Structure formats: C-alpha cells, structure tokens
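Notes follow once the structure below has been shown.
Order of the sequence lines fixes the chain letters, A, B, ..., with proteins taken first and strands second; residue numbering starts at 1 for each chain. Every value quoted in this text rests on a predicted model; they were computed, and no experiment measured them.
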2 protein chains.
Amino acid sequence: MPFVDNIGFLMSRASGQLVRATNAALADEGLRVRQYSVLSLVCESAEGESQRDLAEVLALDPSQVVALVDDLHGAGLVERRPSPADRRTKLVVPTERGRAVRARATARADARLAASLGALTEAEQGTLRSLLARVVDVELPPRAFTDR
Amino acid sequence: MPFVDNIGFLMSRASGQLVRATNAALADEGLRVRQYSVLSLVCESAEGESQRDLAEVLALDPSQVVALVDDLHGAGLVERRPSPADRRTKLVVPTERGRAVRARATARADARLAASLGALTEAEQGTLRSLLARVVDVELPPRAFTDR
DNA sequence: TATTGTTATACTCTATAACTATA
DNA sequence: TATAGTTATAGAGTATAACAATA
C-alpha cells in the first residue's frame, strides 16, 4: 500500500489540518487549542480539575499543564484554588470571564470544525469519533509486553 | 457534548500516539517519521520526486523539505539529481542503502502501527482510512471564500 | 513575473530531569 | 517513599519572510 494511504500519515495530516483550523477560529478570543482544551475541561467540571487530572485526560506532561494554566491565569480566565482534601493539589476553576470566553470560543471552534468535517455526513462523523476513541484507549494493549 | 468527545481533540490525541509509536519503531533505523515519510515517497517514485512535490504531498513547507532531505542525504539514504526537464528542479532519489533501510523501516513501522490499531478490525481500519482520506481532501471547500 | 530551492528566524510543541511541599 | 506542582532546558515541529537561480 502506498505511503499516502498509511493511516498514521493520514491521521497526522488530518490532525494538523484540524488544529490549524481550530487555532484560526480561536484567535479572535486570544486562545490556542491547547489553552482552550484546559479551559473547556475546567468549565465542564463541577468543583474544578486538579492539574494532574488535566494532564492525564489531555495526555500532556504535568509541566506543560503548568504553563497552560499560567497562560489562562494571566488572561484572567482561570484561578488556582487549594484543594480542601489535599494541600498539594490545586484545583483549576474558571472565572466568570473564563466561562464567557469559553462559550464564545466553543461556538467558533465547533463551527470551524463542522466546516472542516463537511465532507462527512453526521453519521460518518459519529463513526469517526468512535473509531478514534477506540484508538486512543489502546495505550496499554492487554498482552503486548513484548515491545515495552 | 463533552470536550473529550470532540473529534479534533481525539484526532490530535490519536495522531500523537501513532507518531510516538512510529518514531519508537523507527529509532533502530536512525529515522524519525518525517524523514521516513520522505524516504518512502522517493522509494515509491520511478524517477524521483521534486522537493516541491514532496512538500505538496506531505503538506509541509518547502523549507522543511530541504531540511528533511538534508538529513537523509547526510545519512547516505538519498541523493539530489538535477531534473532533465527544469534546471531549477532537483529530483530526490534513494540510494541503494536508502532502499534497504526503507524496507526494514517499513516492516518495523507497519508492525507497530498494526499493534497501535489492534483494537480495530481490518474492516474498521479500512473505514478509518477512507474517512481520514476524505477529511484530508477538504483543503479548499467549494464556496468557503469567506474565511480566507 | 512566477517558481524551485534555500537560508534565516521565531515561535510552539514535546520530552526529561530535578526540585519543593506535601502525603 | 510516593505524589502534585513547579522550574529549567533541549530538541522537534511549524510558520514566515526573503533571496538566488531559473523559467
């Protein structure tokens, strides 16, 4: 099979396209997609998310989360609150402004994403989403100790 | 829909996983995935590929292709040949060693990719490939001049 | 004038290691 | 002894601009 049909190549190409498109859509709100992902998660959380949990969900190193939260805090969109349960842990919570920016950002990003996926029907987008979710879950294959 | 179900996010996460896995698989051959993609394309080509064509197929800036070809040339895997048709153009062609390295690299990369996609059946992988190919093709939507 | 390859530069993303304060 | 957050650093990837040679 020719290289241009390689799933890894196509995935990388598609991902790059979507990231560029989303960054362009978010530029008006002063966000990039990585900062936006953190803001979205904390806005969806009831009591705030610890930086450790953010790192795990986003598959980022904790040190990267520090920088992203710093960015958002500098823009007045989130705050760090001490966790009542563990004094090592900081819960990241959105400010009022953070919630407002997130709402606008989501509208813009979703519209742009829909345009980028315009070649696919709604049903196909659902199929793609579930296939991707299953690829993402396979971090630790059951009996693939050989290559670790 | 929660952020973690966003297709752009899932795509970025999946792409990162596949790139990391492929880079790990290629490390023994002294390659990274971007160099490998150039090597693969020139090995598949009958008369060599111009750097401009490589940039277009891979969706890279021509200046990035210069660096990748430099890397491969430094490793003795490709050569630049003058095009008989256009003296501006350089055709990138593999060396004998380049072809041998590419064969081994492809075996390793394909095996690792198959493992990373192990959660999907062959049919599902085919579906994923075709969906991705259609997403990638939508660089210039028919009448979306508004956002350019 | 436009295109191919090239150099240069800056910024973003990724990967590691080491440190602190807590547990 | 282990974990959450932090700082620092280096390398890889991305994005632009400008230039020489050639068309």
Practice task
Give the C-alpha distance, both sets of side-chain angles, the deciding distance and a yes or no for side chain to side chain donor-acceptor pair (under 3.5 Å) between A:R134 and A:S130.
Solution key: CA-CA 6 Å; A:R134 286 168 58 203; A:S130 78; 5.6 Å; no

Exercise for the section: Can you tell me the distance, in whole Å, between the CG atom of B:N23 and the P atom of C:dT14? Expected result: 12 Å

Exercise for the section: Would you confirm whether B:Q125, through its side chain, and B:L117, through its main-chain N or O, come within 3.5 Å as a donor-acceptor pair? Expected result: yes

Practice task
Pull out every residue in residues 29-50 of chain A that has a heavy atom closer than 4.0 Å to any atom of DNA chain D, ordered by number, or say none.
Solution key: A:S50

Exercise for the section: Search all heavy atoms of B:V93 against all heavy atoms of B:G48 and return the closest pair with its distance. Expected result: CG1-CA, 3.7 Å

Fill in the blank from the handout: Testing D:dT7, C:dT7, D:dA4 for proximity to the side chain of A:R52, the answer is D:dA4

Practice task
Taking only Lys NZ, Arg NE, NH1 and NH2, and the carboxylate oxygens of Asp or Glu, determine whether B:R13 and A:D137 approach each other closer than 4.0 Å.
Solution key: no

Problem - Side-chain (A:E29) to main-chain (A:R104) donor-acceptor, under 3.5 angstrom - result: no

Practice task
Could you pick out which residue, B:Q51 or A:V19, lies toward the 5' side of DNA chain C when each is mapped onto its nearest nucleotide?
Solution key: B:Q51

Problem - d(CG, A:L58; C1', C:dA15) in whole Å - result: 17 Å

Handout entry: B/S/- contact track for nucleotides 18-23 of chain D, protein heavy atom under 4.0 Å
Key = ---BBS

Using distance only, find each side-chain donor-acceptor pair of residues 5-12 of chain B under 3.5 Å and give its atom names and separation, not counting sequence neighbours.
| unit_1 | atom_1 | unit_2 | atom_2 | d |
| --- | --- | --- | --- | --- |
| B:N6 | OD1 | B:G8 | N | 2.8 |
| B:N6 | OD1 | B:F9 | N | 3.0 |

Handout entry: Value in whole Å for how far the P atom of C:dT3 lies from CD of B:E56
Key = 12 Å

Handout entry: Pairing residues for A:S50 by the side chain to side chain donor-acceptor pair (under 3.5 Å) criterion, not counting sequence neighbours
Key = A:D53

Handout entry: Nucleotide D:dA4, atom C1' - distance to CG of A:L68 in whole Å
Key = 16 Å

Completion exercise
Those residues at least two apart in sequence (or on a different chain) that pass side-chain contact (heavy atoms from CB on, under 4.5 Å) with A:S63 are A:D61

Practice task
Spell out, as yes or no, whether a donor-acceptor pair under 3.5 Å connects the side chain of B:R97 to the backbone of B:A75.
Solution key: yes

I'd like a table of atom pairs between the protein and nucleotides 18-20 of chain C - only N or O on both sides, under 3.5 Å - with the distance next to each one.
none

Fill in the blank from the handout: In whole angstroms, the gap separating P of C:dT4 from CG of B:L60 amounts to 16 Å

Problem - Side-chain donor or acceptor of A:E49 paired with backbone N/O of A:L41 under 3.5 Å - result: no

Completion exercise
Whole-Å distance, A:Q64 CD to D:dT9 P, equals 17 Å

Practice task
Have a look at B:T89 and say if it touches a base, only the backbone sugar-phosphate, or nothing, with a 4.0 Å heavy-atom cut-off.
Solution key: sugar-phosphate

Practice task
Quickly work out the A:R20 CZ to C:dT12 P distance and round it to whole Å.
Solution key: 16 Å

Practice task
Could you tell me the separation between the CG atom of A:D61 and the P atom of D:dA4, rounded to a whole number of Å?
Solution key: 13 Å

Exercise for the section: State whether the side chain of A:T95 and the backbone N or O of A:L77 hold a donor-acceptor pair below 3.5 Å, judged by distance alone. Expected result: yes

